[in-house]
Amino acid sequence: MKERVMFGCAVVVGAVLVGVPDSGQASPAESWTLSAPGVSARAGGTPEAQVSLDDGRLTLSVRRGATTVLERSALGVETAHGDFTAGLSFAGMSQRHVQESYQTKTGRRLEHSLDAAETTLHLRAGGQPMDVVFRVAADGVAYRYVFPGPKWVTVVREASEFAVPVSADSFLLPYDNGRSDYESAHAHKKVGEQQPAEYGYPSLFHVGDSWLSILESDLDGRYGGSRLTLGSAPGRFRLTLPDPTETSAAPLATPWRTMIVGDLATVTESDLVTDLAEPSKVADTSWIKPGVAAWSWWADGGSPGSLEKQKEYVDYAAKQGWEYSLVDSGWNAAWVPELVEYARQRGVAIWLWLRWQQVDTDSERERLFAQYRDWGVVGLKIDFVESDGQDRMRWYDGVLAASAKYRLMLNFHGAPIPRGTERTWPQVLSVEAVKGAEGTRPKPGREPFPIEHYLTLPFTRNLTGPMDFTPVTFSGVRPNSDAAELALSVVYESGAQHFADSPATYARYPLAEQLLRAVPTVWDETKLLDGDPGRLAVLARRSGSDWYVGAITAGEAGQVRTGLGFLPAGAWNAELYTDGADGKLTFSTQRVDSGSTLTVPVTRNGGFSLRITPAH
């Protein structure tokens with residue numbers, strides 16, 4: 001076997017190929033080792049990819065130091081014009097150093113820097129070309145297939161697989177093929193114990209000293225959204241497409257098959273999904289304004305049909321200093337303009353709910369989006385999308401372009417996960433794609449979610465984009481303490497954050513109202529201070545000069561120790577919201593600095609929130 005070692009994308013050392021096989025002739029066994037820019041191969045803290053072409057078949061494995069996080073896994077695609085899963089020959093390669101800086105309007109941070117090594121292998125099968133493009137960065141590895149022709153490319157299947165060690169711990173989301181809405185709870189087991197089934201992204205694995213999150217990025221109408229299928233072979237997850245075929249005009253680039261790799265903090269803080277997405281298609285983003293919204297439907301399902309009820313929620317949003325109020329299913333076009341004007345006078349803007357079928361054609365989108373804009377509506381919650389298929393992805397293309405034209409922000413519900421969408425179309429402030437607080441509304445016989453569900457989402461669903469869980473519902477059927485529920489306002493990230501309980505309920509929690517008046521929905525920086533998926537999540541997020549810490553726990557009462565080394569030098573005021581001995585929220589303040597460590601008592605399934613501001 002001949003091996004080429006790529007130190008990032010700068011130089012090629014080791015064996016050099018002598019001659020290139022004729023078209024259609026399988027090449028001799030070859031191997032390429034790919035690493036991030038400026039990182040030597042086999043560096044302990046960053047991933048390296050091993051790509052092999054052996055007997056005409058392409059495979060990939062990934063290591064981090066001495067740990068193999070992805071065992072040798074098949075690559076390849078079968079198309080209508082050729083089979084690129086076998087009989088491959090090497091036809092050349094190219095490399096480049098990818099460095100970009102970009103901004104988003106929502107997310108774990110707003111300023112992003114991409115630094116990756118890109119290697120493209122030019123391959124042929126049966127005389128037909130296929131490129132495989134690999135990206136390696138300090139936080140992960142990704143690849144995609146590119147077909148320059150023929151004029152139309154029809155993909156029949158991908159051979160792409162992910163062979164994860166069977167001894168690894170895993171958090172897998174059972175995929176509901178009938179709804180595609182990602183509203184299941186994760187199954188936490190060893191890989192070797194997971195049931196053969198279809199699973200959605202992200203899939204999270206703990207392999208030795210490393211963590212691996214598998215997901216995808218840069219999805220649009222050129223392709224359907226994939227998922228993972230665990231078959232009878234232990235640990236081998238096969239990429240499954242949603243349609244019998246995926247057809248697109250050439251050149252076709254598939255979505256990025258993406259693996260975030262590192263310690264838990266690296267995985268949790270990674271921007272790799274947006275790094276791989278297409279740049280923004282919206283030139284002027286000044287109208288895109290993340291914020292907090294009141295939402296009446298959760299507490300009173302009939303309230304969206306009442307103008308007076310909607311005015312009450314507008315009043316409450318104004319009192320809290322929240323930017324928006326969302327009117328869900330049942331609103332009446334006859335009174336929406338009146339509500340919009342009522343809200344405008346109080347510094348609040350209106351979002352409206354609608355079904356995806358209402359804007360299923362270009363003509364419907366043109367007519368309705370123009371009407372909503374003329375009313376003064378600023379955003380739309382589009383519901384019951386429920387598909388990953390290519391046809392629905394083409395629908396997304398139309399909705400995203402039209403909403404940008406008419407300057408309407410978006411929140412998709414009953415929908416598949418975002419896959420870097422918030423970079424390409426920054427008006428997408430949130431997506432449901434989660435078993436959220438909608439399922440905790442009080443009703444006879446309703447069981448609370450398992451506490452582990454709350455503790456898994458910060459390391460799974462929320463890492464693929466903003467998540468409309470609609471948190472902080474004190475009157476919901478839930479297993480966590482009041483302080484833990486309040487901490488979700490920091491732990492869960494969403495550009496449009498809907499605090500979903502009623503004004504009457506929030507009035508009984510004045511300390512919660514105090515924090516909810518201040519907590520932002522977008523962040524300049526995010527750090528994982530401590531974490532154990534399913535058991536503990538402590539995240540620090542910065543907005544401007546202020547820091548917020550949210551901590552949630554599972555299990556019996558205890559203590560959480562939180563160091564504040566992330567703070568810049570100087571004195572700071574820390575406001576602590578936690579559970580008191582009587583189970584009610586308590587509030588205290590103290591002076592801290594970067595050398596401080598807080599030891600916070602927590603009740604069973606408890607938590608706490610911190611707001612830390614510069615001392616003056």
Side-chain angles (χ1 to χ4, degrees), residues 107-111 263-266 268-269 292 320-321 454-455 458-459 471-472 480-493 497 509-532 535-555 557-616:
R108 291 177 289 281
R109 61 188 55 80
L110 303 182
E111 301 285 342
D263 57 22
L264 189 59
T266 297
T268 306
E269 298 168 17
V292 177
Q320 282 290 98
Y454 294 84
L455 275 295
F459 308 101
V472 193
N480 57 356
S481 74
D482 287 347
E485 183 68 18
L486 179 61
L488 298 183
S489 66
V490 178
V491 174
Y492 292 167
E493 182 270 312
Q497 190 76 283
Y509 294 83
L511 291 178
E513 287 186 305
Q514 177 176 290
L515 180 63
L516 297 182
R517 281 194 292 272
V519 66
T521 65
V522 296
W523 307 98
D524 295 305
E525 191 174 356
T526 293
K527 293 182 177 295
L528 178 68
L529 303 184
D530 201 357
D532 183 3
R535 297 179 181 176
L536 173 68
V538 185
L539 287 108
R541 302 189 191 267
R542 179 177 64 83
S543 175
S545 60
D546 297 346
W547 283 88
Y548 293 78
V549 177
I552 54 177
T553 71
Q559 295 180 333
V560 175
R561 289 174 53 85
T562 302
L564 304 182
F566 56 86
L567 293 174
W572 298 77
N573 291 323
E575 303 172 353
L576 174 64
Y577 299 80
T578 189
D579 296 297
D582 58 359
K584 296 182 179 181
L585 285 174
T586 65
F587 174 76
S588 61
T589 62
Q590 59 182 290
R591 189 66 61 92
V592 298
D593 58 34
S594 60
S596 301
T597 297
L598 300 182
T599 301
V600 182
V602 293
T603 189
R604 184 176 185 276
N605 295 342
F608 63 85
S609 304
L610 285 168
R611 183 187 182 205
I612 308 175
T613 57
H616 298 293

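The heavy-atom pair separating Leu585 from Tyr509 by the smallest distance is CD1-CD2, 4.1 Å. Of all heavy-atom pairs between Ala487 and Ser609, the closest is CA-OG, 3.2 Å. Heavy-atom minimum distance, Ala551 versus Val538: CB-CG2, 3.9 Å. Nearest heavy atoms, Pro614 versus Asp546: CD-OD1, 3.5 Å. The two residues Ser489 and Leu515 have their closest heavy-atom pair at OG-CD2, 4.2 Å. Taking all atoms of both residues into account, the shortest heavy-atom contact from Leu486 to Val472 is O-CG2, 4.1 Å.
Between Pro520 and Tyr548, some side-chain heavy-atom pair lies under the 4.5 Å cut-off. Within the 4.5 Å cutoff, the side chain of Thr562 has no heavy atoms near those of the Val600 side chain. Taking the side chain as every heavy atom from C-beta outward, Ile552 and Asn480 never approach each other to under 4.5 Å.
Of the candidates Arg109, Arg542, Arg541, Arg108, Thr526 forms a side chain to side chain donor-acceptor pair (under 3.5 Å) with just one, namely Arg541.
No donor-acceptor pair closer than 3.5 Å links the side chain of Asp482 to the backbone N or O of Glu485. Under the 3.5 Å distance criterion, the side-chain polar atoms of Gln497 are left unmatched by any main-chain donor or acceptor of Val292. A donor-acceptor pair under 3.5 Å is formed between the side chain of Gln320 and the backbone N or O of Glu513. Between the Thr268 side chain and the Ala265 main chain, no donor and acceptor come within less than 3.5 Å of each other.
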Side-chain atoms of residues 564-577: list all donor-acceptor pairs with protein atoms under 3.5 Å, sequence neighbours left out, distances to 0.1 Å.
residue	atom	partner	partner atom	Å
Trp572	NE1	Pro568	O	3.1
Asn573	OD1	Arg591	NE	3.0
Tyr577	OH	Gln514	NE2	2.7

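Applying the side-chain hydrogen bond (donor to acceptor under 3.5 Å, both in side chains) definition to pairs two or more places apart or across chains, those involving residues 579-589 are Ser481-Asp579.
Around atom CZ of Arg517, more than 12 heavy atoms belonging to other residues, nucleotides or ligands sit under 6.0 Å away.
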Start with the C-alpha gap between Leu528 and Glu269, add the side-chain angles, then the distance that decides, and say whether side-chain contact (heavy atoms from CB on, under 4.5 Å) holds. CA-CA 7 Å; Leu528 178 68; Glu269 298 168 17; 3.9 Å; yes
Please lay out, stage by stage, how Val549 and Leu529 fare under the test side-chain contact (heavy atoms from CB on, under 4.5 Å). CA-CA 9 Å; Val549 177; Leu529 303 184; 4.2 Å; yes
Is there a side-chain contact (heavy atoms from CB on, under 4.5 Å) between Leu539 and Glu493? Walk through the geometry before answering. CA-CA 11 Å; Leu539 287 108; Glu493 182 270 312; over 6 Å; no
